Peer 1: 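Below is a structure I'd like to ask you about.
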Amino acid sequence: MKICIIGCGAIGSLFGAHLAKLNDVTVWAYDPNQAHVDAINANGLRLTGQADFVAQVNARTDAADIPACDFGIIAAKTLHTRAAMEATARIFEDGAVCSVQNGVGNEEIIAEYVPRVILGTTFPAGHITAPGVVNQDTAGKTWIGPFAPKPASMEEVRKLADAMNRSGMTCIPMEDARGALWTKLIFNSASNAMGALTRLPHGIACEQVWPVMLALAQEGIAVSKALDITLDSDPVALLEHGKKVAYRHKPSMLQDVLAQRATEVDALNGGIARIGKEVGVPTPLNEAMALLIKGLEYSWTLPE
Amino acid sequence: MMKPIQRTCVAGAGAIGSLFAGHLADVAVSTVLTRRKDHAERLNEHGLKISGKSERHARILASTDPAALGDVDLVIIATKAGAVEETARSMAGHFPNAMMMTVQNGLGLEDIVAQYGDWPIISAVTFMSGNRRSDMHVEYELDTATWMGPWAGRPADDDRIRAVCALIEKSGLKAQAFPDLLPAQWSKLIFNAAINSISAVSDLPHVRAYTAVEHVEDLGRTVRAMMEEGKAIAAAMGIELYEDPWEMNLKATRHGRTGSEDYAHAPSMLEDVRAHRPTEIDWITGAIVRSARDVGMPAPINEALYRLVKAREASWKFDNHNHRTG
C-alpha cells in the first residue's frame with residue numbers, strides 16, 4: 001500500500017513516521033520545505049518526545065516525483081489546501097484523500113480534485129524541532145469517515161484506520177465522523193479566537209473572557225444541531241478541561257499571531273459563520289471574531 | 001448680571017488640556033492643575049508654547065495644589081478618564097464659585113465629578129487633537145470643535161454655558177453649545193466604542209478597511225454590527241442621535257488624514273494598548289454595555305469587545321512565560 005502525506009509539517013510527520021514503520025506500507029511525502037525534505041531523505045524522519053524512533057520516508061518538494069498512491073493524508077495548513085491539492089491531485093487519480101486538518105471546508109476543496117474523500121479529525125500535537133526532526137508533544141485519537149458527496153468506501157476507510165492502528169496510533173473509523181470534527185471545530189474556534197485576540201494562553205484566556213468563549217461555543221453547537229450532527233463530546237466541557245490541563249498552552253492561532261503568520265480563522269470561526277448562514281443559524285460572535293482576526297492580519301501589511 | 005469668566009483652571013495638562021490652557025490665556029487668567037510638581041514648575045517658569053494650527057506662548061499659573069490657583073470661574077477637567085476621580089477628589093472643598101466641564105471620551109465622568117462637590121456641571125466632547133511635544137509645548141493638530149451642553153444631573157445655566165462657549169471661541173478654539181448634549185455625546189460614544197475597541201483588539205489603525213462591507217470577511221460588517229447595537233440602545237433611551245455613527249466612520253476614513261492607507265490614524269485606545277497603558281474602555285464600550293443592561297437590551301458584540309480589551313490590559317501583567325508579574 002502506498003500512502004502520500006500532503007504537507008509534512010508537525011502533524012503530517014507524525015502520521016508519516018508512524019505509517020512508515022509498517023512493512024506493507026510505503027510512505028511518500030510532499031512538502032515545499034526543501035531543508036526538511038532533504039533531511040528526511042538523508043537521515044530518515046525522526047520523532048522525539050512521546051514517540052522516539054526514525055522511519056524511512058520518501059520526501060519530495062516536487063509532486064511529479066511521487067508515484068500514484070492508494071491514500072493521501074493531507075495535513076497542510078488550511079490556507080494551503082487548494083495549492084497542495086492542485087499540485088498532488090494526479091497522485092490520487094484512483095486514490096482516496098483523507099484530511100486531518102483543522103476546521104471545516106477542507107474536504108469540499110479536496111473533493112474538487114480527487115475521486116474519493118475521507119473526512120478526518122486528529123488530536124495528536126507536535127512541533128518541528130529541526131529539519132527532519134519532529135517532537136510529538138501529545139498522543140491522541142484520530143476519527144475518520146467517508147465524506148459526502150464524494151465518499152471513499154467504508155472498506156477503504158477501515159483499511160486506512162487499520163494501518164494507522166497497526167502503526168501505533170489510535171484511529172476510529174466511522175460511518176459519520178462529522179461529530180468528532182465538529183466537536184474539535186467548536187472547541188478550537190472558541191479557544192483559538194480568544195487566544196489570538198487576547199494574546200493570552202488558553203487557561204488565562206478562559207479566566208479573562210469566559211462568557212465570550214462560552215457564547216462562541218454555543219453558536220457552534222447550534223449550527224451543528226441544525227446540521228443533525230451528534231457531537232461526540234461537549235465542547236464546553238473540553239474548554240473547561242483544557243483550562244486545567246493546558247493552562248499555559250498557546251493555541252496555534254495565537255502562535256500564528258505572535259509570529260505574524262496568516263491564521264486558519266477562515267476554516268474555524270469563519271467556517272462556523274459561513275455554514276451558520278447556509279443553515280439559517282445566527283452566528284454573530286463567530287463572524288465578528290473572524291473579521292477581527294482578519295483585521296489583525298491586515299494590520300501587519302500596513303507600513304509602520 | 002452674570003459675573004464674567006475671568007479665571008480658568010485646566011485640570012490635566014496633556015495634549016487636550018494644554019490646548020485649552022494655552023488658548024484661554026489670551027482671554028482669562030489661565031491656571032493649570034498638574035499631577036507632577038516638576039511639570040507645574042516648568043510651566044510657571046517657561047510658560048506653555050502652542051504651535052501648528054495656531055502659534056502662541058502663554059503665561060500659565062500652575063500647581064499641584066488647587067488652593068494655590070485662586071478663585072476660578074471655570075474648571076475644564078481634561079485628564080484621562082481613568083484619572084478623573086482622583087482629580088475630582090483633589091478639588092473637593094475648592095473652587096466654590098466654579099463650573100466644572102468634563103471633556104473626556106465616553107460617558108459617566110460627570111457622575112464621578114458630582115460626587116466631590118456641588119459645582120454646576122457642563123458635559124462636553126472635544127474633537128480637536130494635539131501632539132504633546134514636551135511639558136511646555138503642544139502642537140495643535142486638528143482644529144475641530146468642542147461641543148458642550150448642560151449635564152442633566154446638575155446642569156449649569158444655559159447662559160453660563162453660552163458664556164463658556166463664547167470665551168473658548170474668543171480664545172481661538174472652536175466651540176458649540178447645545179441645549180442637550182446627549183444626542184452628540186451618544187453619536188460619538190457609539191462611534192468610539194466600535195472604532196476604538198476594534199483597533200485595540202486588532203492592532204489595526206482606523207483605515208478604510210473599517211468601512212468595507214461588500215465581502216463576508218470585510219471588517220466594516222463588525223463595525224456596523226457594533227454601531228447597530230449602540231443605536232438600538234440609544235433609541236430605547238429616547239435619544240435621537242445628532243449624527244449617524246456610520247456616517248462619521250465613512251467621513252473620518254474618506255477625508256483628511258485618515259483618508260490615505262499610508263497615513264493610518266491610531267485611535268487613542270490603540271495608542272494606549274501599544275504603550276501598555278490602561279485604556280478608557282470602561283467609559284466607552286463599557287458605557288454601552290451598562291446602558292444596554294439598564295434598558296434590558298442585548299449588546300453581545302460590544303460586550304465581547306469590552307471583555308477582549310479588558311483581557312488585553314490584563315495580558316500586560318503576564319511575562320513571556322505567562323506568569324503573573326503584577
Side-chain angles (χ1 to χ4, degrees), chain A residues 190 193-216 218-219 246-250 254 257-258 260 265-266 269-271 273-278 282-304, chain B residues 194-195 197-210 212-213 215-226 228-229 260-266 270 273-274 289 298-324:
Chain A
M194 291 299 91
L197 291 173
T198 63
R199 325 300 197 263
L200 288 167
H202 178 69
I204 303 173
C206 279
E207 290 169 351
Q208 294 290 332
V209 292
W210 180 253
V212 188
M213 223 182 264
L214 190 61
L216 287 169
Q218 281 162 344
E219 284 183 4
Y247 187 78
R248 294 186 205 285
H249 171 71
K250 289 182 178 144
L254 172 56
V257 164
L258 295 175
Q260 301 201 349
V265 69
D266 285 332
N269 307 83
R274 175 172 54 78
I275 296 170
K277 276 204 180 74
E278 284 167 16
T283 54
L285 281 177
N286 275 283
E287 181 178 333
M289 297 308 117
L291 300 195
L292 288 173
I293 290 163
K294 300 299 275 184
L296 175 56
E297 293 177 2
Y298 179 57
S299 77
W300 306 327
T301 68
L302 295 181
E304 286 291 312
Chain B
I195 305 304
S197 45
I198 289 175
S199 74
V201 168
S202 70
D203 289 343
L204 183 66
H206 192 201
V207 292
R208 280 186 194 154
Y210 281 69
V213 290
H215 304 293
V216 286
E217 72 272 21
D218 284 342
L219 184 61
R221 290 169 175 246
T222 295
V223 177
R224 202 169 53 183
M226 288 183 77
E228 289 302 322
E229 287 180 2
S260 152
E261 298 283 295
D262 295 335
Y263 179 88
H265 174 70
L270 174 55
V273 164
R274 285 175 175 168
V289 173
I301 303 178
N302 277 277
E303 192 170 333
L305 270 290
Y306 171 75
R307 290 181 192 279
L308 286 169
V309 175
K310 296 295 273 186
R312 278 211 89 176
E313 291 180 348
S315 75
W316 307 324
K317 298 198 180 88
F318 295 92
D319 63 18
N320 287 339
H321 306 288
N322 298 309
H323 292 276
R324 200 176 282 273

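What's counted below: heavy atoms across the whole structure, side chains too, no hydrogens, waters or symmetry copies. Numbers restart at 1 for each chain; the letters A, B, ... are given by sequence-line order, proteins then strands. Since we're looking at a predicted model, the values are computed, not measured.
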Peer 1: Using heavy-atom distances under 4.5 Å, tell me whether A:L197 contacts chain B through its side chain, its backbone, both, or neither.
Peer 2: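 It is both, since atoms from each part get that close.
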Peer 1: Using side-chain heavy atoms (C-beta onward) and a distance below 4.5 Å, is B:S315 in contact with A:T198?
Peer 2: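 Result no, sub-4.5 Å side-chain heavy-atom pair not found.
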Peer 1: Counting only non-hydrogen atoms closer than 4.5 Å, does A:A288 touch chain B with its backbone (N, CA, C, O), its side chain (CB onward), both, or neither?
Peer 2: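 For A:A288, the contact with chain B is made by backbone and side chain together.
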Peer 1: Based on non-hydrogen pairs under 4.5 Å, which of A:L292, A:V209, A:L285, A:V265 is most in contact with chain B?
Peer 2: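 The candidate making the most pairs under 4.5 Å is A:L292.
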Peer 1: For the pair A:R199 (side chain) and B:A311 (backbone), establish whether a donor and an acceptor sit closer than 3.5 Å, ignoring hydrogens and angles.
Peer 2: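 Pair absent, no side-chain N/O of A:R199 close to backbone of B:A311.
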Peer 1: Counting only non-hydrogen atoms closer than 4.5 Å, does B:A225 touch chain A with its backbone (N, CA, C, O), its side chain (CB onward), both, or neither?
Peer 2: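 Neither part; nothing is under 4.5 Å.
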Peer 1: Not counting sequence neighbours, which residues clear side chain to side chain donor-acceptor pair (under 3.5 Å) with A:Q208? List them please.
Peer 2: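 Testing A:Q208 for side chain to side chain donor-acceptor pair (under 3.5 Å), a comparison that skips the adjacent residues, returns none.
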Peer 1: Just to verify, what does A:N269 make a side chain to side chain donor-acceptor pair (under 3.5 Å) with, not counting sequence neighbours?
Peer 2: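 Only A:N286 meet the side chain to side chain donor-acceptor pair (under 3.5 Å) criterion with A:N269.
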